[in-house]
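What follows is a set of notes on a single structure, which appears directly below.
No hydrogens, no waters, no symmetry mates; every other heavy atom, side chains included, goes into these values. Chain identifiers are assigned alphabetically (A, B, ...) following the order of the sequence lines, protein sequences preceding nucleic acid strands; residue numbering begins at 1 within each chain.
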Amino acid sequence: MEISSKYNPATIEEKWYQHWLNKNYFHSEPDEREPYTIVIPPPNVTGVLHMGHMLNNTIQDILIRRARMQGKNACWVPGTDHASIATEAKVVAKLASEGIQKNDLTREDFLKHAWDWTHKHGGIILEQLKKLGASCDWQRTCFTMDEARSKSVIKVFCDLYEKEKIYRGIRMVNWDPKALTAVSDEEVIHKEVNGKLYYIKYKLAEENGFAVIATTRPETIFGDVAVCINPNDPKTATFKGKKVIVPFTNRIVPIIEDDYVDVEFGTGFLKVTPAHDINDYMLGEKYKLEVLDIFNDNGTLNAHGLQYEGMDRFVVREQIEKDLATAGLLEKVEPYTNKVGFSERTDVPIEPKLSMQWFLKMKDLAQPAIDAVMNDIIKFHPNKFKNTYRHWMENIKDWNISRQLWWGHQIPAYYLPKGGFVVAETKEEAFEKAIKTVDYPITMDDLHQDEDCLDTWFSSWLWPISVFDGINNPDNKDINYYYPTNDLITAPEIIFFWVARMIMAGYEYRNEHCFQNVYFTGIVRDKFGRKMSKSLGNSPDPIALIKQYGADGVRMGMLLTSPAGNDLPFDEALCEQGRNFSNKIWNALRLVKIWNVDRSVTQQETSKKAIEWFEARFDQALITMNDHFEKYRLSDALMTVYKLVWDDFCSWYLEMIKAPMGQAIDGTTYDATIRFFENLMKILHPFMPFITEEIWHLIAERDQNDDIIIASIPEPKNSDETVLSKFDFTKEVINGIRKVRADKNIPFRDSIELFVLDKSNSIDDAFDGVIAKLCNVSNIQYVEKTPENTFGFIIGATEYFVPITENVDIEAEIEKLKEELKYTQGFLISVDKKLSNERFVNSAPADVVDKERKKKADAEARITVIEQQIKSLKN
RNA sequence: GGGAGCUUAGCUCAGCUGGUUCAGAGCACCUGCCUUACAAGCAGGGGGUCGAUGGUUCGAAUCCAUCAGUUCCCACCA
């Protein structure tokens, strides 16, 4: 069969993915094997694949495939997230582009549009994951708003309400005036903005004079209900007990005293606006002040804003500056930088706003979740995130779980006609409860369900349980088998949104950890270190990359520079390296395929040695790789295999056993080579699934069900240290000869002789055949003294000589040797110094001292050899 | 304002509880090669006073302190 000289991924990838699907290899059912479970971080249902997904899912696939090959029952559950606020925003925008306002629609109509949108765009991202090679159990695909998941969410809400962990109340919340909903504290991003600090004069009510307050938000003066001073501030002491007039409103408000006011800041006067600032709100509570809400939900001023009614808060800010100045009430304006909260979703400044919301009490939920992570029942990789986690968990605040949105799980609270409400999983149950609560006649239609829906994370926090239906059906076969899951692969930015809350839900609903390891990936950046973003246009399309470099190439590119928790500076050159590697493997296959195998040929001694060595080397690398996996150092694990394949297998092993031109290879060597090749493909398969499967099938005849995806990954044996160190020495000799060839311009095709001067008789000639073959040496001779007309080098304490035709520059050689001698002598002195230091000999561990003694002996031997060579050159 | 991390070759990073087998890897770079698997390749090679200073120690990239630079997280100072 003719094999092309370049590896062509496209058709091969398509073919094998389909094959794996046909064979149902990705599907898992509980059985007697050990389970290995990962639940996917569900991407937004209408999203498309970006580089972050690419990295994240590559890692998950590697872990899943490896577990599968280790004989575990591997189950990777895929799914998507309804992404309440993001999806609703998209639908609203789409409707707006068609001239439809959300407010003009009923809830039902809007949801119909949203579902249409979801069906149209949903699931694209899962199809894209298939291109990457993701071996998800597609039969288990879940959606956070499908029937079972929705039911789970509602059930949990009711349960937590019954447990009195969920409550409803008016609180100061983070209001997003664009999305028109409250958001949680975690959805607020604080950014530094360059603003102004306005010094505004408030006239005293009963006498002449002013109190000058400093504020960054002059538009909120309409909500002022007091001015506050610090009782210990001499600057403002004369104002105690007085009253001031709020500009424009003519409202008279008191000057109150509280040591909350920082005497160092501004003028010492603080305007108190309980409706629009969390601190002011607390002052308001303390002093029983009125709350004047001056904003509409969309951030414009309401009737309290008088002539500014209907204007946007930022427009008012500019206008009022002018108007205050005109009225002579603006003392000065200073540039000022402060931190302002922005909505994560819409990127508009958050408006602190009092409103009625639902909250979940977190303190009790947090405790077992803190313990689990601090005691390493759940391990974080890298573990530096433990600190971050603990800090947040120990200061956890109640979670605002209600959103003023329609796309999501509607809160199962039903309001009664004359006030009050009941919470129940269905309207029917709610009605049952209602008739028991009220003493007046009601019908089902009198119940009015809460309009709000739940925070998206209120469904995702149940994900590891709900995908196995463990909420609705807590004792089912799946949940009992797959839970707790093994590894979670996610980004650090959602450690609080998601990871922490899943851990809490896990303890609340299963009384157990929800996963054992959390692998935090880094952020994928471009090669200049910038975050990838649509606006910068620096985010490559993963699917296009796959087309260009092959899925295996891209997977490898993603993994090459990404230790856990580190940002990944992505460069297409990495994919290129991945593609080159694919090609290298491909060509190794081509070599093996063109061999003629003749089972009557006797095995060469060099081949025998090569096999012995590679066996040891393979096990050594495998041990290293497994160690990396245990520590979740996947890039290092990949690099270990990469070097094993490229350097050890291709550059050394294959070169050693390669039959000379036109000759056949013996059966023993051939079989061993195929076995090695197979083992290499097995350990590489989790990283590069497609090419390894293809080669698996090209390299040998296979039975119907003999696919690499389900092959057993090799277990390391103890690798033979002796053969490894002998071979390392051999490599040095070969290197030495190659260097001489390069320096002296002796082409490889011209065979050479090699003389060995080994005074100590310490070297092993077992690998001489290898040296001869790889360096095109016709004859290796052991000699007693330096041969004539040769050029030499020293490895250890053995001298090697290659005959050369050109004259040796003896002076230059002597110079080089002298340099070498000087270095070695210096080294010997430092070792001697150590060994003659009694404190070293006494306090250092015995093996360290022994090592030093060995170094001393080696250095001395080497010095002798160098000196002799200098002497002989001089003669 | 509080906390955490990072600073080792041009780039990205390894170097665990101190001991020239720790000064490394991959890529990039330079030189020579189209050697019959592979130029998406082969062979060879040059790069770092391990951020700075001080300390502990027989010995420090490795421990401690201070400083500088940098990144991230948390936070209601108008």
Among rU21(B), rC76(B), rC27(B), the one nearest K855(A) by side-chain distance: rU21(B)
Sequence-aligned protein contact record of nucleotides 32-47 of chain B, with B where the base is within under 4.0 Å of a protein heavy atom and S where only the sugar-phosphate is: ----BBB-BSSSSS--
Side-chain atoms of residues 379-392 of chain A: list all donor-acceptor pairs with protein atoms under 3.5 Å, sequence neighbours left out, distances to 0.1 Å.
from, atom 1, to, atom 2, distance (Å)
H381(A), NE2, N517(A), OD1, 2.9
K386(A), NZ, D376(A), OD1, 3.1
Y389(A), OH, A369(A), O, 2.8

Residues 643-658 of chain A, side-chain donor-acceptor partners within the protein, below 3.5 Å, at least two apart:
from, atom 1, to, atom 2, distance (Å)
D648(A), OD1, R617(A), NE, 3.3
D648(A), OD2, R617(A), NE, 2.8
D648(A), OD2, R617(A), NH2, 3.1
S651(A), OG, W646(A), O, 3.2
Y653(A), OH, T673(A), OG1, 2.8
E655(A), OE1, K658(A), NZ, 3.3
E655(A), OE2, K658(A), NZ, 3.4

Side chain to side chain donor-acceptor pair (under 3.5 Å): pairs with one or both residues in residues 726-741 of chain A, sequence neighbours excluded: K726(A)-D764(A)
For RNA chain B, stems built from three or more consecutive Watson-Crick or G-U wobble pairs below 3.5 Å: B:1-7 with B:68-74, B:10-13 with B:24-27, B:29-33 with B:41-45, B:51-55 with B:63-67
Residue pairs, two or more places apart or on separate chains, that pass salt bridge (charged side-chain N to carboxylate O under 4.0 Å, His left out) and touch residues 264-278 of chain A: D224(A)-K271(A)
Under the rule for side-chain hydrogen bond (donor to acceptor under 3.5 Å, both in side chains), what residues qualify as partners of [X], not counting sequence neighbours?
X: S343(A); value: D176(A), T346(A)
X: N583(A); value: none
X: K6(A); value: none

Nearest-0.5 Å distance, CZ of residue F791(A) to CD1 of residue I746(A): 9.5 Å
Under 3.5 Å donor-acceptor pairs involving side-chain atoms of residues 571-580 of chain A, not counting sequence neighbours:
from, atom 1, to, atom 2, distance (Å)
D571(A), OD1, A573(A), N, 3.0
E572(A), OE1, Y549(A), OH, 2.8
Q577(A), NE2, Y642(A), OH, 3.4

Polar atom pairs between nucleotides 1-3 of chain B and protein, under 3.5 Å, N or O only, would you list them?
none

Pairing residues for V291(A) by the side chain to side chain contact (heavy atoms under 4.5 Å, CB included) criterion, not counting sequence neighbours: P274(A), A275(A), L354(A)
